[in-house]
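These notes are about the structure you will find just below.
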There are 2 protein chains.
Amino acid sequence: MSRKRSSKVNSMDVARLAGVSIAAVSRTFTPGSSVSPKMAEKVRKAADQLSYVPNSLASSLITRRTNIVALMLPNLVNQVYSALLSEASLRLEENNKQLLLFTPLNDSDFDRTLQRMLEYQVDAIVISAASISSRMAALCLGRDVPVVMLGRHMPSLSVHSVRGNAEDGGITAAKLLISGGGKRFGIISGSQTFTTMLERQQAILRYLSVIKNIENVAIADGKLTYEGGYQAALEIMSGEDRPDSIFCLTDIMALGAMDAIRYNLNLRIPEDVALIGFDDIPESAHESYGLTTIRTPVRRMIHHMMNLIAPETPLDPPQTIMIDAELVIRSSTRLAVNNSGLDS
Amino acid sequence: MSRKRSSKVNSMDVARLAGVSIAAVSRTFTPGSSVSPKMAEKVRKAADQLSYVPNSLASSLITRRTNIVALMLPNLVNQVYSALLSEASLRLEENNKQLLLFTPLNDSDFDRTLQRMLEYQVDAIVISAASISSRMAALCLGRDVPVVMLGRHMPSLSVHSVRGNAEDGGITAAKLLISGGGKRFGIISGSQTFTTMLERQQAILRYLSVIKNIENVAIADGKLTYEGGYQAALEIMSGEDRPDSIFCLTDIMALGAMDAIRYNLNLRIPEDVALIGFDDIPESAHESYGLTTIRTPVRRMIHHMMNLIAPETPLDPPQTIMIDAELVIRSSTRLAVNNSGLDS
DNA sequence: CTGAAAGCGCTTACAG
DNA sequence: CTGAAAGCGCTTACAG
């Protein structure tokens with residue numbers, strides 16, 4: 001069978017047909033190796049004839065580089081993660097690296113996932129919105145594989161991290177809603193296991209409290225989904241002191257909240273209620289929504305990630321890269337009624 | 001340095017510490033191998049002590065299985081692909097397989113991408129909405145790696161394929177718009193390089209023409225994006241014989257079209273114009289849209305894909321699995337004015 | 001159940 | 001520039 005023969009073609013077969021050593025065929029397929037054009041020509045011809053495909057696993061065994069980077073994402077229902085993945089895939093592809101994707105089912109098997117990444121000898125590990133034990137972090141460090149956390153910082157871990165400035169983002173959001181005349185505030189929050197959510201919320205609450213002396217803020221859990229945001233909005237808006245301004249800790253929840261407010265509660269946005277989100281997912285720009293939001297700087301995050309996983313970048317000391325918040329104003333918020341909010 | 005030592009721990013180190021052979025350590029880490037509990041215990045202890053992580057690349061060299069399946073997706077801006085990826089990732093994870101992701105930049109390097117997949121010795125190749133040369137298909141077949149195309153069928157290729165029934169979907173959509181009283185029709189189409197788009201469009205046109213004798217259908221290219229759909233809708237609606245019914249070959253374009261119709265043209269949906277999409281992405285269910293659509297059966301597609309890439313499934317003969325269209329009625333279409341449309 | 005040995009397909013000093 | 005040889009870290013008949 002041609003099938004059997006074909007599946008066994010290796011560098012020796014090519015070498016034999018070309019009448020050269022296996023070192024020669026290895027060299028012609030290794031950019032930068034010293035082979036005469038004549039030799040390379042012979043080898044390539046033989047390789048083509050046999051449909052030879054080099055085994056990168058075997059070569060990785062020796063070179064100790066796989067050109068595979070592992071990426072761990074919590075899910076893809078939130079478009080931010082799609083965007084992160086998409087951008088990472090693009091940049092990696094440009095650099096001839098492969099992306100090995102992991103989306104752990106339950107939060108509990110992060111460490112097992114990490115273990116599998118190491119078994120595959122990945123060159124680097126990128127983790128978004130998930131945690132990792134210090135034991136595993138040490139293991140990665142010990143094996144010289146860089147780890148970068150996206151959108152989360154764990155000072156105790158001594159791994160790289162890249163994230164938006166949640167503190168700054170929260171303050172910017174708070175300033176905007178206040179400047180728009182906001183008096184009563186609500187927050188639709190997400191799972192507290194995501195530190196980013198916590199940081200955003202705390203920044204907002206602190207600003208409201210310290211600067212504006214506002215203490216009673218309605219908070220509801222939007223569960224990081226459209227439906228959750230929808231329900232959370234209904235909950236928040238059913239209270240006696242109905243908010244006129246709502247912070248949604250992610251855009252996807254904000255979209256749900258907007259739909260609930262418009263179509264279930266029949267209120268106007270931003271006249272009756274102003275909303276601001278976080279992330280800037282594509283849908284937020286749709287004319288149906290026009291959500292004002294604090295953008296998650298996906299491209300810049302991936303740009304820094306690429307630098308951090310480069311072999312030239314030392315693992316130690318771990319770098320913490322913080323990217324400034326970027327406000328995207330659309331139509332879900334009110335214009336400043338005066339300058340007091342923005343200046344204070 | 002502990003770093004250096006740690007990065008060199010292999011089965012020999014473990015064997016030495018445990019006082020056994022390397023075969024023994026290999027066996028304790030290979031489920032189903034015959035090792036006495038006593039031996040396994042000794043080995044595990046030594047392995048833990050050294051933070052040993054087996055090198056799956058080395059073992060793949062011998063077992064000829066990597067447990068890696070390669071997935072090629074055109075992009076992630078369309079949420080259908082996110083859904084496909086998400087579901088595939090989930091199912092693969094459950095089966096202890098890894099997902100190696102490829103998103104080729106230009107259509108031209110599909111073959112090069114495929115080559116790289118083979119270099120990594122992936123167990124299977126899954127391709128969505130992209131083409132592959134017959135040469136590469138033969139190469140995969142020759143190396144015994146199953147290839148399954150998602151949402152596209154190429155009879156000439158002799159690889160597996162799984163897809164929704166585009167013909168049936170197109171007809172279902174046409175029937176619905178006709179039953180809703182549609183008289184003048186428009187189509188917002190996508191890139192013709194995607195056979196699925198072509199099939200949907202042809203099914204619609206054929207049905208309109210053959211069954212209803214409707215020949216002049218306005219067609220505009222929506223470029224498979226929200227913005228493209230928006231522009232295409234403006235274009236189609238600016239013609240003299242303004243359509244009262246529009247087919248959008250993907251939901252994402254339908255969303256753009258809806259926004260254009262409502263907010264730019266100030267027309268009502270479905271009273272002035274009815275729209276139907278294809279895919280059923282999450283946004284289509286949002287209350288702001290309520291898009292009636294023909295669902296792409298993502299879960300069932302991935303389910304079949306998993307079966308097709310199983311080692312038990314023979315590569316030959318290639319299987320073509322066709323999944324029936326599923327109509328999801330929401331509020332962007334009109335109710336049947338009478339039975340004539342649905343019955344004919 | 002266990003170990004010694006061959007070998008998976010490649011790369012890389014080393015010597016020429 | 002080229003080849004012979006050692007070796008990357010593992011698995012698997014084979015013999016005991």
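Convention: sequence-line order gives letters A, B, ...; per-chain numbering from 1. Values below: all heavy atoms of this structure, side chains included; hydrogens, waters and symmetry mates excluded.
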Rounded to whole angstrom units, what separation is found between the [atom1] atom of [X] and the [atom2] atom of [N]?
{"X": "Leu57(A)", "N": "dG9(C)", "atom1": "CG", "atom2": "C1'", "answer": "10 Å"}
{"X": "Lys38(A)", "N": "dC1(D)", "atom1": "NZ", "atom2": "P", "answer": "13 Å"}
{"X": "Arg16(A)", "N": "dG9(C)", "atom1": "CZ", "atom2": "P", "answer": "12 Å"}
{"X": "Arg65(B)", "N": "dT12(D)", "atom1": "CZ", "atom2": "P", "answer": "12 Å"}
{"X": "Asn55(A)", "N": "dC8(D)", "atom1": "CG", "atom2": "C1'", "answer": "13 Å"}
{"X": "Met39(A)", "N": "dC1(D)", "atom1": "CE", "atom2": "P", "answer": "12 Å"}
{"X": "Asp13(A)", "N": "dC10(C)", "atom1": "CG", "atom2": "C1'", "answer": "13 Å"}
{"X": "Glu41(A)", "N": "dC1(D)", "atom1": "CD", "atom2": "C1'", "answer": "17 Å"}

Please tell me which of the listed nucleotides, [options], lies nearest to the side chain of [X]?
{"X": "Ser11(A)", "options": "dC10(C), dT2(C), dC14(C)", "result": "dC10(C)"}
{"X": "Ser59(B)", "options": "dA4(D), dG3(C), dT11(D)", "result": "dT11(D)"}
{"X": "Asn10(A)", "options": "dG9(D), dG9(C), dT12(D)", "result": "dG9(C)"}
{"X": "Arg27(A)", "options": "dC10(C), dA4(C), dA4(D)", "result": "dA4(D)"}
{"X": "Ile62(B)", "options": "dT2(D), dT12(D), dC10(C)", "result": "dT12(D)"}
{"X": "Ile22(A)", "options": "dG3(D), dA13(D), dT11(C)", "result": "dT11(C)"}
{"X": "Ser36(A)", "options": "dC10(C), dT12(D), dC1(D)", "result": "dC1(D)"}

Between Asp13(A) and Arg16(A), does any side-chain N to carboxylate O distance fall below 4.0 Å? yes

Discussion item. For Arg91(B), is there an ion pair with Glu87(B) - N to carboxylate O distance below 4.0 angstrom?
Written reply: yes

Identify whether any heavy atom of [X] sits under 4.0 Å from a base atom; if not, whether one sits that close to sugar-phosphate; answer base, sugar-phosphate or nothing.
{"X": "Ser34(A)", "value": "base"}
{"X": "Ser26(A)", "value": "base"}
{"X": "Tyr52(A)", "value": "sugar-phosphate"}
{"X": "Thr30(B)", "value": "sugar-phosphate"}
{"X": "Ala24(A)", "value": "sugar-phosphate"}
{"X": "Met12(A)", "value": "nothing"}

Review point. With distance as the sole criterion, do the side chain of Arg64(A) and the base of dG9(D) form a donor-acceptor contact below 3.5 Å?
Key: no

### Message
I'd like to know if the side chain of Asp123(A) reaches the main chain of Thr66(A), judged simply by a donor and an acceptor atom lying under 3.5 Å from each other, with no hydrogens or angles considered.
### Response
yes

By the Watson-Crick or G-U definition, both distances under 3.5 Å, dA13(D) is matched with none

Re dA4(D): Watson-Crick or G-U wobble partner, both distances kept under 3.5 Å, found to be none

Comparing nearest nucleotides in DNA chain C, the 5'-proximal residue of the pair Ser21(B), Ala58(B) is Ser21(B)

Ranking Val35(A) and Ser33(B) by the position along DNA chain D of their nearest nucleotide, the one closer to 5' is Val35(A)

Ser128(B) and Leu84(B) have their tightest heavy-atom pair at OG-CD2, 3.8 Å

Pair up each side-chain donor or acceptor in residues 72-79 of chain A with any protein partner under 3.5 Å, not counting sequence neighbours, and list the distances.
from	atom 1	to	atom 2	distance (Å)
Asn75(A)	OD1	Val77(A)	N	3.0
Asn75(A)	OD1	Asn78(A)	N	3.4
Asn78(A)	OD1	Val80(A)	N	3.0
Gln79(A)	NE2	Glu283(A)	OE1	3.3
Gln79(A)	NE2	Glu283(A)	OE2	2.7

With sequence neighbours left out, the residues meeting side chain to side chain contact (heavy atoms under 4.5 Å, CB included) with Val35(B) are Arg27(B), Thr28(B), Met39(B)

